[in-house]
2 protein chains.
Amino acid sequence: MLKEERHKYILDQVHLHHRILLNDLSDALNVSIDTVRRDVKELHQEKKLKKVHGGATSFGFMTFSKDDGNIYLQSKKIQIAEKTVSLLSEGQVILMSGGTTNMEVAKLIPKKLPLTVFTPSLHVAMALLDHKDVEVIFLGGKLLHDAKFAVGGTVVNALSQLRVDLCILGTGYLDAVYGLTEFDWEVIQVKQAMIRAAKKTIILSVSDKLHSVQKYKTCDLTAVHTLVTELDPQDPLLDAFREFDLKLV
Amino acid sequence: MLKEERHKYILDQVHLHHRILLNDLSDALNVSIDTVRRDVKELHQEKKLKKVHGGATSFGFMTFSKDDGNIYLQSKKIQIAEKTVSLLSEGQVILMSGGTTNMEVAKLIPKKLPLTVFTPSLHVAMALLDHKDVEVIFLGGKLLHDAKFAVGGTVVNALSQLRVDLCILGTGYLDAVYGLTEFDWEVIQVKQAMIRAAKKTIILSVSDKLHSVQKYKTCDLTAVHTLVTELDPQDPLLDAFREFDLKLV
DNA sequence: GCAAAAACAGCAAGAACTTGCAAAAACCTA
DNA sequence: TAGGTTTTTGCAAGTTCTTGCTGTTTTTGC
């Protein structure tokens, strides 16, 4: 492999994930850690990226966000994603919905963690394909133009034939009384099928979305096993959810 | 072999693969490594390519454009895409494979043209979702990490239940004698199923890939109805394909 | 403050590059 | 066509670049 190719790969990865570990690079490129270190050093001197202890980051990382421009929201989502990733274990078969929070989870999954992931989200699938050890199966169907998410009978049908370890539901609206709600009927159908297909369901929610309700209901909180937020599990904001048989993380 | 011929070959290879090793060139051209080195040096001075340690890369190789950094190849693909789009008509149900050429087709489809498109390619699906009037159905299945393409029984099975107007096959290798070939067995299975599911099949190929053969065979040229290249339909390079009942565009 | 991980410096083998040169081929020009 | 000139090509020797390994120093997390 040419040095230029390695450099391109490294820069692509850094731009995609905002940060990258030298070990992962060494692994992905099949060269020694020293070589990668030297590559990153060069790119650092060329001001193409920023070298940090253990890896590298892109320059813009802390100054702007590709997503909604909201750095606070973004960092909350990353916190949630980190907590969620720590709940995963090797060899699991999981289901992931869409949403930006789930995107962060996809990016943060360790490169060497073997998993099988089913998802109807184009973005999540795309992000997961960077992970050589993750088998990605896309649940095909009619795609929603804005959400880049597959819905419809095909998806629900495929899900009805699955039995997976874990379902990770991203962005939704959450309320102790009304449960999990959404504004898109088609999405509801898919999420319900996802919950049915999984032994355990984890929902991810930034605290801003707690106690908010939308038009349609996905499920009651009793159907959920774990709720991950960026807050400390002891935070009083979560009190309303303690009455359920729910693990707060 | 003339120097000019070598130069053309080298440029073609660099444009096609974005990079090339001096050893491979020396091997393919049956000249010493020194000669190749001198050739590449010249081309470098003429700014036709970029010489790097161990080989050469095309310009634009280091850019981060989502597209294909290669200007020459890129413009050929756009020409092909334009011709292809002109073959489409309102209300058609079509199948699109992956590849960068098909990506260009997806981008160039008129925003107001109502179509239904089935595809197993993440990139094509993503590009099509920009078009509000195109209904996109993703053919789900196990995703190939590098090609971002769904393969396997699920896809083939779903395809077996389809009957569409048109199948647009992107990047493949084409030869008058050996027909359409690929290097990935799984992809072959999907492409064959796509051809079976369509009333008509269009294949897109940049002229560089004409007369080249890969390991596995997708189909004979008799299964194809239209061949779109960036060349003029009268170009002698296409003579080998005239014996077939094939529309050249 | 300690143990583990990461970074650094120096070294050696191998690959790639440069330079100079001579033989062969191609190209004039009479 | 013969003889001289230029270009092209391959070879060899020496140099530089790349890369993985070693041991040492620095940083990090507990």
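Labels below follow one simple rule: chain letters A, B, ... track the order of the sequence lines, proteins then strands, and each chain is numbered from 1.
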Does the pair D239(A)/R242(A) count as a salt bridge with the N-to-O cut at 4.0 Å?
yes
Can you confirm whether more than 12 heavy atoms, excluding those of F244(B), are under 6.0 Å from its CZ atom?
yes
Are N23(B) and dA16(C) close enough that a side-chain N or O sits under 4.0 Å from OP1 or OP2?
yes
CD1/I20(A) to CD1/I10(A) distance, rounded to the nearest 0.5 angstrom?
8.5 Å
Would you give the length of the straight line joining atom CG of D235(B) to atom CG of L210(B), rounded to the nearest 0.5 angstrom?
9.5 Å
Between K3(B) (NZ) and dC27(C) (C1'), how many Å, whole number?
14 Å
Between S32(B) and N30(A), which residue's closest nucleotide on DNA chain D lies nearer the 5′ terminus?
S32(B)
Could you check whether E4(A) pairs with R19(B) (Lys NZ or Arg NE/NH1/NH2 to Asp/Glu carboxylate O, under 4.0 Å)?
no
Sort me out a list of protein N/O and nucleotides 17-23 of chain C N/O pairs below 3.5 Å, or just none if empty.
unit_1  : atom_1 : unit_2 : atom_2 : d
dC17(C) : OP1    : G54(B) : N      : 2.6
dC17(C) : OP2    : R37(B) : NH1    : 2.1
dC17(C) : O5'    : R37(B) : NH1    : 3.1

Going 5' to 3' along DNA chain D, between which two nucleotides do contacts with chain A fall, using a heavy-atom cut-off of 4.0 Å?
dT18(D) to dT28(D)
Interatomic spacing from NZ in K3(A) to CG in D39(A) - rounded to 0.5 Å
7.0 Å
side-chain contact (heavy atoms from CB on, under 4.5 Å) test vs T101(A) passes for just one of K209(A), K77(A), E230(A), namely K77(A)
Closer than 3.5 angstrom, by distance alone: can the side chain of K148(B) be matched with the main-chain N or O of H145(B) as a donor-acceptor pair?
yes
More than 12 foreign heavy atoms under 6.0 Å from NZ of K50(A): is that the case here?
no
F138(B) and F138(A) aromatic ring geometry - parallel, tilted or perpendicular at 30°/60° bounds:
tilted
Want to know the stems of DNA chain D: at least 3 consecutive Watson-Crick or G-U pairs with distances under 3.5 Å, which are they?
C:1-30 with D:1-30
